[in-house]
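First the structure, in the form of structure tokens, and then the observations on it.
What you see below is based on every heavy atom in this structure, not just the backbone, and it leaves out hydrogens, waters and symmetry mates. All values derive from a computational prediction rather than experimental measurement.
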Amino acid sequence: MGHPPLEFSDCYLDSPEFRESLKCYEIELDRTSKSLKELIKDGNSVINAINGYSVAVQKFSQTLSTFQFDFIGDSLTDDEINIGKMIQKFSTLPNKLYVFQKKFEKESEKYYSQLDKHLNLSAKKKESQLQEADELVDKERVNFYESSVEYVYQIHQVQDRKKFDVVEPVLAFLHSILTLNNLTVEMTQDFMPYKQELQLSLQNTRNHYESTREEMEELMKRMKHPSQISKMHSFLPMEGYLYCQEKWALGVSWVKYYCKYHKEGRLLVMTPCEQRPTTKQGPAQLTLKSCIRRKSDSIDKRFCFDVETVESRPVSITCILIALSEGDRKLWMEAMDGKEPIYHSPIHKQAEMELNEVGFKFVRKCINYVETKGVTQEGVYRTVGSNIQVQKLLNAFFDSTHPGDVDLYSSDWDIKTITSALKFYLRCVLCEPLMTYTLHRDLMCAAKSDNLDFRLSEIHSLTYKLPEKNREMLEMLIKHLVNVCSHSNENLMSPSNMGVIFGPTLMRAKEDTVAAMLDIKFQNIVVEILIEDYKKIFSNRPEDSTVPPIPPPRITPRKRQPITISKRPPRVFQALSPDHFHRAESNY
């Protein structure tokens, strides 16, 4: 049974749903651990049986040793040693996660304990004491978020690695048993085709894991940066923990809630984190009327604000809420249109190019050069060129004074520079991927289908939903890749290899998330299908394609700035090959 991917951004919210998802993963991993222990036990039984067989062979050899054989000592055979090593490898898999799980639980308890003490501080304390308390809780918060992000990362690593870390030793274990003596030669021959097919699937699974591991690790490092805390909490709908004042006959208490605010409808959903023993409380849904910052001199607490609701529950129309910090309060009030001033940081987005005639000219020239000079070169499109040369070529070709006035056949450019420049143009220069953000989700759903016929027909149909210019360039590019793959006996570039390179180049999700990274392997599948079924897809419209293609929007030309690759951060989704293509590509 599959589980939804854990997003690093959920670590900063630490919602009940996130904790529930973590619990599901932990239960599943406990089940895997128990199954592995049972497998180790049964494997040891097989080893003991083999050991008994080995002793019998030694005894038989001893009888014949006087005229034929030397005595074989009491040591284990190579097969027994090999089997023992393989079967013991199982036990290391669940243990990798244990350290991070304990660290996460420890930091979680430590942070929330410190947070409760912090929020109960009197606002009348000295400023130096309050500042010291703020710094202490901020430090604990960072430690907790780091451990949470690391824990989510390790869960994904273990979930992915167990697909081959468990099956590979089992496969070796079975092979060792079948080849232990010559009596099972016939069984071994029957087993070999299945073993070879399984080994290929395991290698593909390992390649997919390697293609996303470094990207996910890089995303984890970025998410652990302290600057991500406020960024993650600025998402809408606003959600997080708040403490609500509740009045009782014997006094006042502050109850912890996990709250979600939906701007549409001004709906505040409050889920209690601590259930009372006598009654089970469900989430309360309140419609907001107003949000006002609570004056510091009116209450002996910090970070307070009043929320007036249309309903008369809980307790009163006006709820007094405590946020986790001053910054957190500002975010809540901003989301609720409160009276606290709203601060927006200006967003500076690097200018990107639309798909235009200069771009078509560039792609055509690159394709013509590759098909003339480098279609048989080993590793074409996998090997990369100099970053400086790629920048020089792009700046020269897209120069606003003489666009497209570059002779690729001059001695200044080599095949690696041209292929790298083509990939960089498609991946980073265009304002959106060639296969568009709009169709990305549908393409991923099609690639994930178990029905191969449906997979092909759906990708065929989606191709004709692209804007006309996008489809024209895609057809031109895929036709070229088909030609390159037809020389795979020389250049070693199969459709599968091209999918790994051009999958993240032609399509990607709009947001960098763990789920998007896990979909990279399905992006590769889409490109592989486009190459293998090029004639079927591009020769005829799909049968259900009755809607004419949507023309791209008309854009007023504007003056282009020189392309500076070194200042542009690399895209998260980049191609990876067994030859470490990714490390070189990440430079641009």
Side-chain angles (χ1 to χ4, degrees), residues 4 7 9-24 108-109 111-113 115-120 141 144 148 232-295 298-340 342:
E7 296 292 351
S9 56
D10 292 339
C11 298
Y12 294 95
L13 296 174
D14 196 31
S15 64
E17 291 84 357
F18 172 70
R19 291 291 182 134
E20 188 66 29
S21 297
L22 276 182
K23 191 67 178 176
C24 290
S108 177
E109 181 180 356
Y111 167 60
Y112 283 111
S113 174
L115 185 62
D116 287 338
K117 294 178 183 178
H118 180 68
L119 296 178
N120 284 321
R141 181 183 292 115
F144 167 65
S148 182
M232 289 300 105
H233 282 283
S234 64
F235 289 160
L236 293 177
M238 183 68 189
E239 57 184 292
Y241 289 101
L242 293 173
Y243 289 76
C244 180
Q245 185 188 74
E246 296 189 1
K247 297 180 180 178
W248 308 98
L250 299 178
V252 175
S253 63
W254 292 93
V255 181
K256 186 179 180 181
Y257 287 87
Y258 190 82
C259 302
K260 291 183 180 181
Y261 179 68
H262 301 268
K263 204 172 185 67
E264 287 188 14
R266 296 178 62 81
L267 186 66
L268 179 64
V269 181
M270 301 176 64
T271 304
C273 298
E274 300 172 0
Q275 297 290 344
R276 297 189 182 90
T278 54
T279 59
K280 184 173 178 63
Q281 293 177 284
Q285 296 189 1
L286 310 176
T287 304
L288 241 66
K289 187 177 179 181
S290 66
C291 173
I292 305 172
R293 181 181 65 84
R294 171 68 85 164
K295 293 181 180 180
S298 64
I299 190 170
D300 191 22
K301 299 289 181 184
R302 298 191 297 162
F303 320 136
C304 296
F305 59 100
D306 296 341
V307 171
E308 187 177 359
T309 64
V310 176
E311 294 82 1
S312 59
R313 291 181 297 173
V315 182
S316 64
I317 295 177
T318 301
C319 304
I320 303 177
L321 302 175
I322 298 182
L324 303 186
S325 66
E326 181 61 33
D328 197 38
R329 178 172 68 172
K330 287 182 179 180
L331 290 173
W332 278 106
M333 294 189 64
E334 178 181 293
M336 296 177 177
D337 298 323
K339 293 184 178 180
E340 193 73 21
I342 301 173

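When side chains are defined from C-beta on, Trp254 counts as touching Ile320, because their heavy atoms get closer than 4.5 Å. Using a 4.5 Å cut-off on side-chain heavy atoms (C-beta onward), Leu268 and Met336 make contact. In this structure, the side chains of Asp337 and Lys263 come closer than 4.5 Å at one or more pairs of heavy atoms. The shortest side-chain heavy-atom distance between Tyr241 and Pro16 falls under the 4.5 Å cut-off. Looking at Thr287 and Leu267, their side chains come closer than 4.5 Å, going by heavy atoms from C-beta outward. Looking at heavy atoms from C-beta onward, Arg293 lies in side-chain contact with Arg329 at the 4.5 angstrom threshold. For the pair Lys301 and Tyr243, the minimum side-chain heavy-atom distance is 4.5 Å or more. Residues Val307 and Met270 fail the side-chain proximity criterion, which asks for heavy atoms closer than 4.5 Å.
Rounding to the nearest 0.5 Å places CG of Leu321 at 10.5 Å from CZ of Arg294. To the nearest 0.5 Å, the span separating NZ on Lys330 from OG on Ser325 amounts to 10.0 Å. Taken from CG in Leu242 to CZ in Phe303, the straight-line distance is 13.0 Å, to the nearest 0.5 Å. In this structure, CZ on Arg266 lies 11.0 Å from NZ on Lys289, to the nearest 0.5 angstrom. With values rounded to the nearest 0.5 angstrom, His262 atom NE2 is found 12.0 Å from Leu288 atom CG.
When all heavy atoms are compared, the tightest approach of Tyr257 to Cys273 is C-SG, 3.9 Å. Among all heavy-atom pairs drawn from Cys259 and Trp332, the shortest one is O-CH2, 3.5 Å.
Every residue two or more places apart in sequence or in another chain that forms a side chain to side chain donor-acceptor pair (under 3.5 Å) with Tyr258 is listed here: Glu239.
Donor-acceptor pairing under 3.5 Å is recorded for the side chains of Ser290 and Glu308.
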